[in-house]
> 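I'd like to ask some things about the structure below.
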There are 2 protein chains.
Amino acid sequence: MTAQRRAVIEVIQTANEHLDAAALLDLARNREPGIDRATVYRTIELLKRLRLIDELDLMHLQGEKHYYEVKTRRDHVHLACFRCGRIEEYSSPLFEQLKAEITEQAGFEIRVTRLEVGGNCHACAEAEKKAQREASAKPR
Amino acid sequence: MTAQRRAVIEVIQTANEHLDAAALLDLARNREPGIDRATVYRTIELLKRLRLIDELDLMHLQGEKHYYEVKTRRDHVHLACFRCGRIEEYSSPLFEQLKAEITEQAGFEIRVTRLEVGGNCHACAEAEKKAQREASAKPR
DNA sequence: GGGCTAGTTGCGACTGGGTCGCAATCAATA
DNA sequence: TATTGATTGCGACCCAGTCGCAACTAGCCC
């Protein structure tokens, strides 16, 4: 357990949004100035292997980066809005049921799950509907 | 509609496994020798936007590549085995229910979903159990 | 406390998937 | 058939992530 690892872990734990590796590096440097990019990646790798964090793609809304979050008791869905870029989290007993079904029916031993949904969030869906109504009310 | 696009589309449609961009390029070159990498990427982009294909990460089992498949009537889960690397597909009414619930409860307008599960497939789970039994039966 | 060693770090070079700008070309329409 | 907006090929480029290696250090044992 080195100072560098502690810094990375603390940053992930205290973050209240999804961080990518670059953001993680910046924040970790506040605590441990000299820390290197490679070290951050290696620590992420380690934490993934230990199942302490989950890796997310968030529908590649912002390029190919990966995001990280501490693994919670309950898996959740990430809802990524293509329009405003917001990420919502959603969890449901149905998801748990689905995982149980997969384990049972397919005999698959689940270690990680990643359910990402892309589309329009509630606010953006409403906004688009409104825009459409206005466009058809006054056709050119 | 150019010959290059036709080539890419035909390759994806007739493929019976998940292709990454590089494989797609190779196969497309069989049909359309001069076709360029950038063109393939641009066509993939286009097909994604038109919702004709889905993009998969397959749990980054083989690095950061993306894989593509033609969008089917029914969404399915991809089960990626960390041990043997096989990809299984699984679909269930529960998944459909979950999507309906998200639409309703969160007011989220779903356009794409990606559910990937990593772990051990049935065969590999059995193999590991067997290996463990043998290891504990004859401790050093 | 001091020395030993396996494991960790920093560095720099590298890989590989994917993107971009631009000039040349082409498909589709009039 | 002439026109033109879209598409292509090319080369340079970007950026996330990886690797090999020498230097360093945490943690243990004495």
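Worth knowing before you read on, the calculation uses all heavy atoms, side chains too, and leaves out hydrogens, waters and symmetry mates. On a predicted model such as this, the values are computed, not experimentally measured, just so you know. Just so it is clear: chains get the letters A, B, ... in the order the sequence lines come, proteins before strands, and each one is counted from 1.
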> Look only at the side chain of B:Thr39 and the backbone of B:Ile35, and say whether a donor-acceptor pair between them is shorter than 3.5 Å.
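Flag not set: sc B:Thr39 to bb B:Ile35 has no pair under 3.5 Å.
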> D:dT8 C1' sits how many Å from B:Arg6 CZ, rounded?
15 Å
> Between A:Glu109 (side chain only) and B:Gly119 (backbone N and O only), is there a donor and an acceptor less than 3.5 Å apart?
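No: the side chain of A:Glu109 does not pair with the backbone of B:Gly119.
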> Across the strands shown, which category fits B:Ala21 at heavy-atom distances under 4.0 angstrom: base, sugar-phosphate, nothing?
sugar-phosphate
> Could you grab the distance from atom CD1 of B:Ile12 to atom CG of B:Leu24, nearest 0.5 Å is fine?
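Those atoms lie 4.5 Å apart.
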> Please determine if B:Arg86 and B:Glu88 form a salt bridge, counting it only when a charged side-chain N lies under 4.0 Å from a carboxylate O.
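Salt bridge: yes.
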> Are A:Glu45 and A:Lys48 close enough for a salt bridge, meaning some N to O gap below 4.0 Å?
yes
> With a 4.0 Å cut-off on N to O distance, would you call A:Lys99 and A:Asp75 a salt bridge?
yes
> D:dT8 phosphate, OP1 or OP2: any side-chain N/O from B:Arg5 under 4.0 angstrom?
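Answer is yes, contact under 4.0 Å.
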> Between the side chains of A:Asp57 and A:His66, does any donor sit under 3.5 Å from an acceptor?
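Yes.
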> Got a sec? Which of residues 27-57 of chain B come in under 4.0 Å of DNA chain C, heavy atoms?
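Residues of residues 27-57 of chain B under 4.0 Å from DNA chain C: B:Arg37, B:Ala38, B:Tyr41, B:Arg42.
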> Specify the angle, to 10°, made by the local axes at the two ends of the helix from C:dG1-D:dC30 to C:dA30-D:dT1 when five pairs are taken at each end.
40°
> If you measure from the Lys or Arg side-chain nitrogens to the Asp or Glu carboxylate oxygens, is any gap between B:Glu32 and B:Arg6 under 4.0 Å?
no
> Specify the separation, in whole Å, of atom CG of A:Asp20 and atom C1' of D:dA16.
10 Å
> To the nearest Å, give me how far apart NE2 (A:His66) and P (D:dC15) are.
16 Å
> Return yes if some donor-acceptor pair links the side-chain N/O of B:Arg29 with the main-chain N/O of B:Gly34 below 3.5 Å, else return no.
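Between the backbone of B:Gly34 and the side chain of B:Arg29 there is no qualifying donor-acceptor contact (under 3.5 Å).
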> Atom OG1 in A:Thr113, atom CG in A:Leu98: separation rounded to 0.5 Å?
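With rounding to 0.5 Å, OG1 (A:Thr113) is 9.5 Å from CG (A:Leu98).
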> Output the rounded distance in Å from CD (A:Gln62) to C1' (D:dA16).
15 Å
> Consider only side-chain N and O atoms of B:Glu89 and B:His18, and report whether a donor and an acceptor are under 3.5 Å apart.
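Distance-only check passes for B:Glu89 and B:His18.
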> Measure the distance from CD on A:Glu64 to P on D:dT18 and round it to the nearest whole Å.
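Taking atom P of D:dT18 as the reference, CD of A:Glu64 is at 14 Å.
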> Distance under 4.0 Å to a non-hydrogen atom of chain B counts as contact; along DNA chain C, which nucleotides mark the start and end?
C:dG17 to C:dA28
